[in-house]
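The model shown is predicted, which means the values in this text are computed figures rather than measured ones. No hydrogens, no waters, no symmetry mates; every other heavy atom, side chains included, goes into these values. Whatever order the structure lists ligands and atoms in, that order sets their numbers, starting from 1.
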Amino acid sequence: MSRDSFDAVEVIVAKRDGHRLSDAQIDWVIDAYTRGDVAEEQMSALTMAILLNGMDRAEIARWTAAMIASGERMSFAHLSRPTADKHSTGGVGDKITLPLAPLVAVFGVAVPQLSGRGLGHTGGTLDKLESIPGWRAALTNDEMMRQLEDVGAVICQAGSGLAPADRKLYALRDVTGTVEAIPLIASSIMSKKIAEGTGALVLDVKVGSGAFMKDLDRAAELARTMVELGTDAGVSTVALLTDMDVPLGLTAGNALEVRESVEVLAGGGPADVVELTVALAREMLAAAGKPDVDVEAALQDGRAMDAWRAMITAQGGDPDAELPVANETEQVVAESDGVLTTLDAYAVGIAAWRLGAGRARKEDPVQAGAGVEIHARPGDTVRAGQPLLTLHTDTPERFGRAREALASGVVVGAPGTTVTRRPLVIDRIG
Ligand code: URA
């Protein structure tokens with residue numbers, strides 16, 4: 001069948017009635033939608049039918065391939081080093097890319113980390129790095145390739161040429177209640193990663209209140225689907241399922257998270273941030289053919305810090321510059337003696353966002369210094385009046401709404417209460 005032999009209603013009805021879509025139908029509908037020949041309302045009906053009736057493995061693979069074909073494909077084949085990339089499905093305090101990319105680069109594996117800005121309660125990697133004076137996110141492909149060859153790590157804005165079908169489709173899904181369909185999430189993420197041309201990919205699929213996926217079974221299904229897509233496309237792919245009920249580390253907010261990342265690169269930092277950075281680095285290095293290297297040593301002896309400094313400098317940033325701090329702070333204190341039983345990642349994410357660390361609309365600016373600093377973790381014994389959190393913002397009228405977000409998300413239980421948490425790395429798929 002030729003590409004122009006379908007009409008959109010026929011494709012919608014097929015999926016509405018629970019049938020699988022043919023390769024030709026998928027190729028046609030993605031191409032016609034990207035060109036504007038399938039209307040937004042028709043694509044929204046089709047995505048809803050996909051959400052309700054699902055797609056099988058072959059359909060998802062074809063849908064992904066069609067989205068890749070909508071734009072350019074990059075290639076790192078000419079680099080002298082193997083490449084490995086990481087993608088996180090997003091969480092609160094998730095600054096792992098910042099220490100991870102230079103750490104992996106230390107071992108001769110190039111890390112092309114094409115990232116985005118934050119929308120909603122999870123922060124964006126580019127927003128965090130933009131709090132470093134002078135640092136710039138937009139690089140040409142040539143600049144990116146040169147930096148990968150010279151420094152080994154680059155974190156920059158994804159060009160608009162990668163999977164343009166996804167950009168259009170994602171914006172539509174966002175306003176039609178169809179973001180949550182696993183076939184659509186998996187194909188959206190993997191089309192961009194496969195088009196980017198990385199040789200190896202490690203997925204950090206977050207599970208919990210602060211994540212996209214609240215439920216372990218669905219997160220595992222998403223992880224499996226993405227690993228299959230990557231593997232079938234010749235990308236060495238594994239996924240870790242990691243906990244996101246509690247924020248990662250002790251900060252959520254742009255400059256606050258950069259400061260904490262630098263602590264990790266200096267051999268310190270919160271234990272959970274170090275644990276996840278090391279676990280993901282090991283996976284990336286193993287997937288890129290370097291399984292037996294001492295990752296922790298590179299954090300302790302300054303090699304990862306040197307790579308960080310080179311990476312920031314190459315993009316115009318000053319790694320020695322003072323980071324911005326917010327004009328105003330307020331503390332959230334324990335109201336009674338006891339044990340901190342809950343520090344809900346979603347609540348902290350919303351609070352940081354309301355303080356100005358995130359944006360409500362794509363075009364909004366973010367405040368570099370805004371966010372939440374965490375002083376106690378679940379399981380810690382606390383005394384009445386002890387600071388649990390410090391809220392940072394340039395605009396103090398935001399404190400009230402941030403406190404509202406935290407009202408039921410920070411709970412002090414009776415003295416002696418035991419708190420059990422699942423492990424940070426819950427499972428590995430691949
Ligand atoms: N991130 C993406 O890039 N796409 C999705 O569909 C969801 C999260």
Side-chain angles (χ1 to χ4, degrees), residues 26 30 33-34 43-44 46-52 54-55 59-61 63-68 70-71 74 85-92 94 96-97 112-127 155-198 201-208 210-215 218-230 233 235 237 239-242 244 345-346 349 353 358-359 362:
I26 290 172
I30 294 285
Y33 175 63
T34 309
M43 194 50 131
S44 64
L46 180 59
T47 52
M48 186 59 81
I50 291 169
L51 181 134
L52 296 172
M55 290 205 284
E59 284 177 291
I60 301 172
W63 187 274
T64 306
M67 296 221 291
I68 294 169
S70 73
M74 294 174 65
D85 193 2
K86 185 249 347 182
H87 177 85
S88 160
T89 56
V92 177
D94 184 4
I96 301 294
T97 296
Q113 192 75 55
L114 303 185
S115 301
R117 292 198 161 68
L119 192 62
H121 74 281
T122 64
T125 298
L126 301 181
D127 295 324
I155 303 174
C156 66
Q157 189 175 316
S160 56
L162 291 180
D166 177 62
R167 194 158 325 104
K168 205 170 166 202
L169 197 53
Y170 191 76
L172 176 74
R173 288 165 55 212
D174 206 24
V175 294
T176 54
T178 52
V179 168
E180 286 80 4
I182 285 176
L184 298 179
I185 301 171
S187 55
S188 165
I189 293 172
M190 293 305 292
S191 61
K192 288 171 285 197
K193 289 294 164 186
I194 296 167
E196 168 199 297
T198 184
L201 177 64
V202 176
L203 299 160
D204 180 4
V205 180
K206 304 266 179 225
V207 196
F212 206 14
M213 293 276 146
K214 317 284 179 205
D215 169 87
R218 277 182 55 79
E221 188 187 338
L222 174 64
R224 261 194 310 275
T225 307
M226 292 196 290
V227 168
E228 285 169 3
L229 284 172
V235 181
T237 310
L240 298 184
L241 290 177
T242 70
M244 190 26 75
Y346 182 70
W353 178 50
R359 52 171 70 77
K362 279 208 297 295

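We find the OG1-CG distance between T89 and D204 to be 6.5 Å, quoted to the nearest 0.5 Å.
Side-chain contact, S191 with D166: no donor N or O sits under 3.5 Å from an acceptor N or O. A side-chain donor-acceptor contact under 3.5 Å links K86 and T97.
Salt bridge status for K193 with E196: present, with a side-chain N to carboxylate O gap under 4.0 Å.
No donor-acceptor pair under 3.5 Å is formed between the side chain of T242 and the backbone N or O of L240.
Scored by the ring pair (Phe, Tyr, Trp, His ring centres under 6.0 Å) test, Y33 finds no partners at all (sequence neighbours excluded).
Ligand 1 is surrounded by Y170, R173, I185, S188, I189, K192, F212, each with at least one heavy atom closer than 4.0 Å.
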